[in-house]
Number of protein chains: 2
Amino acid sequence: MKPGPRRSVSQSDIVDAAFEILEEKGVAGVSVRGVAGALGLTPTAMYTYFDSKNALLQAMVEQLLAGIATRPGADEDAAAPAWRERVTTIALALRARLAEHAGGVVLVTSGPLDGPNALAVAETIIEAFVEAGLEVDDAARAAHAVRAFTLGQAALEAARRTAPVEASAQQPLWSDSRHPLVEQTARLDLDGEGDDEFAAAIGRVIDGYTS
Amino acid sequence: MKPGPRRSVSQSDIVDAAFEILEEKGVAGVSVRGVAGALGLTPTAMYTYFDSKNALLQAMVEQLLAGIATRPGADEDAAAPAWRERVTTIALALRARLAEHAGGVVLVTSGPLDGPNALAVAETIIEAFVEAGLEVDDAARAAHAVRAFTLGQAALEAARRTAPVEASAQQPLWSDSRHPLVEQTARLDLDGEGDDEFAAAIGRVIDGYTS
DNA sequence: ACCTGAACACCGTTCAAGT
DNA sequence: ACCTGAACACCGTTCAAGT
């Protein structure tokens with residue numbers, strides 16, 4: 001492919017390549033140069049497609065959030081009210097997407113969540129709480145809580161997954177002070193990837209706003 | 001200060017200098033070279049104090065979390081039960097600390113939260129829920145929810161505060177699709193820094209676990 | 001309009017050498 | 001033990017130039 005006035009790749013191709021690198025090397029490994037190289041482009045050519053690295057990251061966030069707000073097919077067999085299942089489904093999907101790629105959380109945290117897919121997620125959750133009978137403002141508060149909780153859960157998971165840092169190899173700064181309750185409940189693995197624990201937790205949060 | 005076998009600065013000095021830079025330039029601006037320069041050291045000298053940049057960041061997290069778990073003075077005038085006020089106080093303090101420095105959230109998300117101060121925060125919240133009458137496992141779940149929600153709230157705040165990216169200057173990809181509920185409730189500023197809204201929200205989360 | 005090549009001002013980290 | 005200086009393999013971004 002020699003230089004020419006025709007686009008040799010699409011924005012979508014670039015985002016896809018960036019996600020591939022994100023999966024392999026984490027968020028720190030995503031570089032303009034690296035993505036360009038993976039596509040056979042010069043780093044400078046990237047600036048034809050995105051104004052900056054940050055714009056690329058924002059586009060990645062949008063793709064990460066794509067499809068989360070779409071209502072699942074009429075799956076109305078459940079005993080729980082439709083709105084409740086819808087909120088739970090979205091929260092689970094959001095968490096799954098964030099956990100899917102290493103660094104997904106940092107990505108989402110790195111800029112304002114005001115893309116169309118981000119707004120669609122917010123809108124859909126508020127809608128569900130309105131359907132639950134909440135007044136609009138309270139529905140927004142509840143939806144915000146669900147988003148914050150889900151993001152925080154994903155953040156705690158991601159933080160735990162990062163390199164164990166060789167533990168106390170470096171720091172005898174903190175000695176063996178006791179945290180008995182933390183140790184006793186470590187087996188619950190609340191920072192871990194249990195869907196059931198998370199679904200139950202979201203249920204509690206919903207309860208806090210609707211009962 | 002010419003070279004010599006005596007330490008010219010302390011680990012604490014380095015962490016302090018790093019926080020100063022964090023405040024000025026955000027998390028991306030914190031570099032080994034920059035911190036070294038601020039202290040009049042060579043970049044390589046830094047590796048005498050910390051094994052890697054990551055070790056420095058972990059030390060910063062610990063300092064960020066310092067003192068949050070210490071019980072506030074006997075402030076028992078409130079109508080609310082002591083445990084409830086204690087949880088709320090810690091959550092508010094945690095959020096305030098995370099919001100204090102730009103990039104505090106990314107910092108905390110960048111590695112496992114297993115330092116002594118991080119564990120002390122977790123332990124203290126579990127303790128409070130045990131005091132509330134919860135069984136230990138449920139107390140751990142409730143404490144986890146409080147931590148996740150607080151972290152997520154701080155993350156949403158931080159995300160919103162980052163450069164507005166000139167809005168739609170770059171992307172006509174998403175046109176003016178409607179998100180009426182989001183727009184209608186934007187004035188609530190739930191991603192904003194209202195202590196009252198946050199305290200109320202934490203109250204709802206606590207309710208979800210204790211009622 | 002799309003792309004290249006060279007350049008600028010940065011990174012984290014390692015290694016040999018000095019005191 | 002603590003520190004320097006040089007070096008390696010990287011960054012994001014800009015700018016002039018080619019087709």
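Note that the coordinates shown come from a computational prediction; the quantities given were computed from them, not determined experimentally. Because only heavy atoms are used, hydrogens play no part in the values below, and waters and symmetry mates are left out as well, while side chains stay in. Chain identifiers are assigned alphabetically (A, B, ...) following the order of the sequence lines, protein sequences preceding nucleic acid strands; residue numbering begins at 1 within each chain.
- Separation of the C1' atoms belonging to dA16(C) and dC3(D) is 13 Å when rounded to the nearest angstrom.
- Per the geometry, OH belonging to Tyr49(B) stands 7 Å off P belonging to dC2(D), to the nearest Å.
- Of the N and O atoms on the side chains of Gln63(B) and Asp16(B), at least one donor lies less than 3.5 Å from an acceptor on the other residue.
- Nucleotides dC11(C) and dC8(D) are separated by 12 Å at their C1' atoms, to the nearest Å.
- Comparing atom distances between the Tyr47(B) side chain and each of dT4(D), dC2(C), dG12(C) picks out dG12(C) as nearest.
- The side chain of Thr44(A) contributes no N or O atom lying less than 4.0 Å from OP1 or OP2 of dT14(D).
- Residue Asp51(A) contributes atom CG, which lies 14 Å from atom C1' of dG12(D) at whole-angstrom precision.
- Counting to the nearest Å, the C1' atom of dC11(C) and the NZ atom of Lys53(B) are 8 Å from each other.
- Within the cation-pi definition used here (under 6.0 Å to the ring centroid, within 45° of the axis), Arg95(B) qualifies as a partner of Phe198(B).
- Rounded to whole Å, the distance from CG on Leu39(B) to C1' on dC2(D) is 15 Å.
- Contact check for Leu107(B) versus Leu22(B): side-chain heavy atoms found under the 4.5 Å cut-off.
- Of the nucleotides present, dC8(C) is the one that pairs with dG12(D) by Watson-Crick or G-U wobble criteria, both distances under 3.5 Å.
- In this structure, of dG12(C), dC2(D), dT4(C), it is dC2(D) that holds the atom nearest to the side chain of Arg7(B).
- Within residues 18-36 of chain B, the residues that have a heavy atom under 4.0 Å from DNA chain C are, in order of number, Val30(B), Ser31(B), Val32(B), Arg33(B).
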